[in-house]
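The next block holds one structure in the form of structure tokens; read it before the comments.
Side chains included, hydrogens not; waters and symmetry mates left out as well; all remaining heavy atoms used. Proteins come first, then strands; the chains are lettered A, B, ... in the order of their sequence lines, and each starts at number 1.
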Amino acid sequence: MTTIAETETPADVHPEDLHHDTGRSWQVAAALFVLTGLEVSTYFWPHGWHRVTHVTLIVMMVLKFAAVAAFFMHLKFDHTMLRRLFVFGIILAMVVFLGVLSAMTFWVNSGTTDFNNAPHERPIPPPPTRAPTS
Amino acid sequence: MADTADTALTANVGAFDEPFHQIDFAHEGVAAGHQTSTGISNEKLGMWTFLGSECLLFGALISTYLLYKNRPGTITNVAGEVVGQVHDRISEHFDILFTSASSFVLLASSLTMVFAVVAAQRNDAPRLRLWLGTTAGLGAVFIGGQVYEFTAFVREGFGFTTNVSTSAFFTLTGFHGVHVTIGILMLLVLLALSLKGRLPFTKSESVEIIGLYWHFVDVVWIVIFTIVYLIK
Amino acid sequence: MALVTARTPLELTSGDNVQPQPLGVFARPTATTGIKGWLFSVDHKKVGILYGAASLFFFLTGGVEALLIRTQLARPGQKLLSADLYNQVFTMHGITMIFLVIMPMIAAFTNYLMPLQIGARDVAFPRLNAFSFWCFLFGALFLNSSWLLGGGPDGGWFNYAPNSGLLFSPSHGIDFYALGLIITGIASSVSAVNLIVTTINLRAPGMTWSRMPMFTWMSLVVQFLLLFSLPVITVALFLLMLDRLFGSSFFNTALGGDPMVWQHLFWIFGHPEVYILVLPVFGIVSEILPVFARKPLFGYPFMIFSGIAIGFMGFGVWAHHMFASGMGPMSVTAFSLATMFIAVPTGVKVLNWTATIYGGKLKFTTANLFSMGLIAMFTIGGLSGVTHAFAPADTQQTDTYYIVAHFHYVIFGGSLLGMFGGMYFWWPKAFGYKLREGLGKWHFWIMMIGFNLTFGPMHILGLQGMSRRIFTYSANQGFDFWNMAATIGAFIIAVSVAIFIWNVWVCYRDHRRNPVACEPDPWDARSLEWITPCPTPVHNFDTIPVVSEVDEVWHRKYGHDEAGRPVPIATRAEVVQKGDAEGVHLPSPSYWPIVLSAGLPLIGYGLIFSLAWAIPGGILVLVALFGWVMEPSTDPDAGHHDEHPSDAADGGDAAAELEGSEEAEVADQAEDAKTVELEGAPVG
Amino acid sequence: MMQARTRRSVARVVGGITTVVLFLSGCGALRDDKGRPLNTLSPKGPQAQRIDDLVRPVFIIAGIVFVFIHVAVVYIAIRYRARDEDPDPVQTHGNPRLEWGWTILPAMVLAILAVFNVQSIWQLEQRDSDAMKVTVVGQQWWWEFRYDTDDDGKPDIITAQQMVVPAGRQIDLQIRSNDVIHSFWIPMLNGKRDAVPGRTQPWSLEADKPGIYQGQCTEFCGLSHGYMRMEVKALSPADFDKWVENQLKGPVEPAADSLEAEGKALVVNRCLSCHQINGLDDKGESTGSDRPVEHYRGADHPLTAANAPNLTHLMSRNHFAGNMFDLYEPGSALKGVEPVGVPKIDNLQRWLQDPHAMKPMAADQNRGMPTLGLSAEEIRKVTSYLVTLK
């Protein structure tokens, strides 16, 4: 019986496919550069557009993220298990931290009394400095 | 007997129609000598698992920054004296053009990393070394840019301890910087192994796995760049 | 498939012996026995036993802390411990029991059993596995060294900011807490990645998802919980450490910091942590009950799905620890509802266990007693948990002894009872001799009495308004009677633990005098680990078994008749492998895991006291990493031959189709012929 | 033989149930508040009552499930224990219908209870329109209460340890903290709410009848957490008005050359850098007003004792130092408004002598009362002045 390792030689790697890979990488990279350029340009968009700007930025961020993950990291072509693992991590992080952010920001004032605008009525301690250690 | 083994192998790869993948996969799974329940090598699965957990790490850091970025404030005591150094938000002092140049550098390093992986899979050692070196170099440029940016902030009066928004900013970008640095070190190790002839074709998967890490660091920067730098 | 399927044990085909040149930069350890055999071993079984021993040691220290607490509270106004010392003791009691006892105990069971249950030779990354253990041990010792270096952490295990800040806790205790938990956190994260990969990738042929033993399933869920929750506490601990050692102000309200950020980050970890502590034990119980009821687990798919549901929902309920902290009613509503419904899958588990033993032929071994005790005790903890899912009720109950009672019924009545059951059950598997049943039953009953006497009254104390974490109370508050009862109970628990230790000692002594290995499969058990002899040989399986059933070993021993009653088709001796295979290629021992871990606490001391200490630590870490990278995971010198479970795509369906007979053997032997290596990447 | 076994089993199960029922009825006795000043099960105000109404059915349902599971386990243990003559059991793998049943049934019960839960959460956030605002400030390791009687945004009455409220009127609490997280909890009146530094947290309570309701800080707050107590004294509205009137008065001026006057001089010298007596600044000069001022004068951070209890009406309270130690002899504690009891001077004297022997504090870190090093004579003078501050 022959082991598979023996039959496996570099000749088995079809160069045209790797070439294909290289070609696509150029395309993806070009798209990433264009998107990033567009992102940076939002910096100069009028101030009044901030809502549009933010939405655009988020959309472009997601696109870039997806492009790198799908093509550079081969997630699009690899085993579904890997995709599930990673996407699960991302979704979990998003859900959990959106929960934190909303609980810490707009939900805080969901009560009948608004209570997170406490005036700083007391003096502020200086930043802690440790006494020299013995 | 060989038939049975082949059947198993075909079953492994048969689910994937992409010719690109088939090659990639077949040679990794077998050349590295692994025959696992899923057909994915342990190292690759391990790296992806680790990256899944890193999502939560950066999620925590980014949300800490988001919570704190608007919390500087003038800090005085009752006597009206300023206690602690007070500045406005660090985000108003970003040099977007400089940082976007850094971002382009990091994106470019992802592209060169892809070339390195392809070279490894082609068993093209000279190209592999070239692209590993380029990737590490671009990473180093990025880190250099980050160091420059940090010193610029400190010169402007934004230190790590200035207020909570600067602490959060430096912690987040610092964590990312440390990840990039570790990535550079791993690339250099690969480069050294390759130069010493100890990165045979059968180990080309190592390049791919470290490539995964490198791309992940890049994706994290994509998020940081948008959320921290661009969204005001 | 036929009703009755007989299987014959599979034969080992040995492979080639190769003698390549040593790779690596440094010579590697070769000893497999004696102290060096333990220090440098990467064998998952040895690592598991080390985890178990370490956690039992810390169990005793945590227990002494508990007795100190209970003695202080036995009567009103006692002055046995000063307030300061009391705060350190209860903080360390919590940290020790959670991070240094239950978590490593779970790691012990998972490390030892999971590869056996899925039919693997070892874990996916054996050196990382050893690293996990040493990293945990050094982190734990580092944490406990705070007692000698200026006092332990004194902020409670939850260390709420800003009380944990430098201003309010100027001693080094909380620095030790932050750094120590970061180090043990690294250990758990690494181990989580390792065990997830192992479970996904190294299953034996035919071991599909729907045939995995419950313990493996639950520990897989738990490893995912660890994987996703530990990064969050790591961030929180880093922020705390930066605040304390580098002058930032994340939790300093004066400079814009917000203590609520700590609470959220802590509990995003802290709540999944609760499930991390109990889910593996649910798995253990689900293994033990069917064996002694001689019935399969009732509703295996439901048990899996409820486990996954608990794990999943466990990430959505963290803020129920913060109902009193003023999050605003909207958040409270959301988290209160989520918390109420997490009770549902938990209830499913309890009812399914009850249904498992219902109609069985119950044999009351110690292991089974502990498991049934768990059903009863955990139910109490679960039900009291439901009462504080109701947020308004929780504002009355939180931070009182009612909560102390609740989580001790969950963690002691759940985790610990289950683990003792697991120890009695798997002791022969690990050591080749059973613990004494008579002493075991004394252990069980005395522990049950002590446990209920200690924690039962705490429900009453809590509802009568006794706060947690108070170092003393007054005579006019109505707490005297039940506190005394609880203290007596705590000492009864101590007696039961002493019986357990005595049991271990006498059985060990007897076994030393008369070293006869106990029969393999002493309980007539069901899952794959019992196909190996007792104790498990170093290579685990002579041949990797091909799996075709959930309870593989049971189905090799029993078919069933028309009424569905089991009919013996093979004796245990026929089913069990001999354990005498030779030349199986195994991962080789390595110095680097222990060296790498030894560097981390030194860096910790360096950060706390003087950076000079960090230099040797850093050097150790770098040298170890270098040696690790340059060293092949498997020493070619060893001249063994390894085989790996072969399996078909996604869940091994193809191999599963090779039913029992000849074909499976053929497939197995085909696998045997392949030269593989366990760990290949230079970094990982 | 089997029958005898079964009969014995049934007897045991019945015995078990009886025990449980007895146990549960024993729990009923726990609702008594005699000798249990912090009992959460004997509500004395609408908020606490609301919580109790919500949780009582939950306890009952939990009790039923508890009994059911335990009886089932005990029954199974007895009925199905292995006997050699028994055949191996039928291999049941599960019953999806049953399992769906015990998934959905509890979910539905919980869904019903959830309605009341959500209702209660929001109701407890409601405030009456005539609610009285009191600001509660937690600090290591005592509670301060500030009343703004004329709604000018400045506190007119600052007291400590004991919050005095009119019975039958809702109190709208604004809870704050000066240092670490504390938790304000009067079990008979309402649940707890944390005092988080940097935030002002709303909470409420209301007492149905006049009386004294004990409380305890319930969020671990450092060294003396166990010694951080407080109480709510509910008075009839008329008595409450009298209390307010008394509190708005300035401090009693001792007769010249008396022991009390010497005591006052000492207090001005040694105490006023942290404590406050209305009308005097920290040098003992007159501020020209009888109203208290907020603390921290000149202090560079709030941990210092610069924020110490206001002493103006010290003897109108029952206890001092985190509501731990009696100011009056046992049996003569204040019930209503009038300070009629016999002062327990030795407690105060011990406190002035060596506060750390009575309560653990970290005065070297500017937290808590320092040891003043007064002579016995000086202590006698100071105490004689302090007991006049009614």
Non-hydrogen atoms of chain A under 4.5 Å away: do they reach the side chain of [X], the backbone, both or neither?
X      : value
B:F225 : side chain
B:F104 : both
B:V114 : side chain
B:I62  : neither

So which of B:S53, B:A108, B:G52, B:A60 has the largest heavy-atom pair count under 4.5 angstrom toward chain A?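 Between B:S53, B:A108, B:G52, B:A60, the count favours B:A60.
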Do you know which of B:F175, B:F94, B:F160 makes ring-ring contact (aromatic ring centres under 6.0 Å, His included) with B:F169?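 Among the candidates, only B:F94 passes.
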Tell me whether B:K44 is salt-bridged to B:E208, with the criterion being a basic N under 4.0 Å from an acidic carboxylate O.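 Here B:K44 pairs with B:E208 in a salt bridge, since their nearest N and O are under 4.0 Å apart.
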Which atoms of A:F88 come close to chain B, meaning under 4.5 Å heavy atom to heavy atom: side chain ones, backbone ones, both, or neither?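 No part of A:F88 comes within 4.5 Å of chain B.
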Go through the atoms of A:T36 and report whether side chain, backbone, both or neither lie under 4.5 Å from a heavy atom of chain B.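 Both backbone and side chain.
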Looking at A:F72, A:F71, A:W26, which one has more heavy-atom pairs under 4.5 Å with chain B than the rest?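 So the answer, after comparing A:F72, A:F71, A:W26, is A:F72.
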Quick one: of A:I58, A:L98, A:L82, who has the most non-hydrogen atom pairs under 4.5 Å with chain B?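 Top count of heavy-atom pairs under 4.5 Å with chain B: A:L82.
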Between B:F216 and B:H179, is the ring centroid distance below 6.0 Å?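 No, they do not, as the ring centres are separated by 6.0 Å or more.
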Ring centre gap for B:W221 and A:F65 strictly below 6.0 Å: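 Between A:F65 and B:W221, which both carry aromatic rings, the centre distance is not below 6.0 Å.
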Cut-off 3.5 Å, side chains only: do B:T226 and A:E39 have a donor facing an acceptor?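 Looking only at side-chain atoms, A:E39 and B:T226 do form a donor-acceptor pair, the distance falling under 3.5 Å.
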Test item: side-chain donor near acceptor, B:T112 and B:T135, under 3.5 Å: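 Checked: B:T112/B:T135 side chains pair up, N/O donor to acceptor below 3.5 Å.
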Using the side chain to side chain contact (heavy atoms under 4.5 Å, CB included) definition, which of the options A:I91, A:L92, A:I90, A:V96 pairs with A:M94?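 Of the listed options, the one satisfying the test is A:I90.
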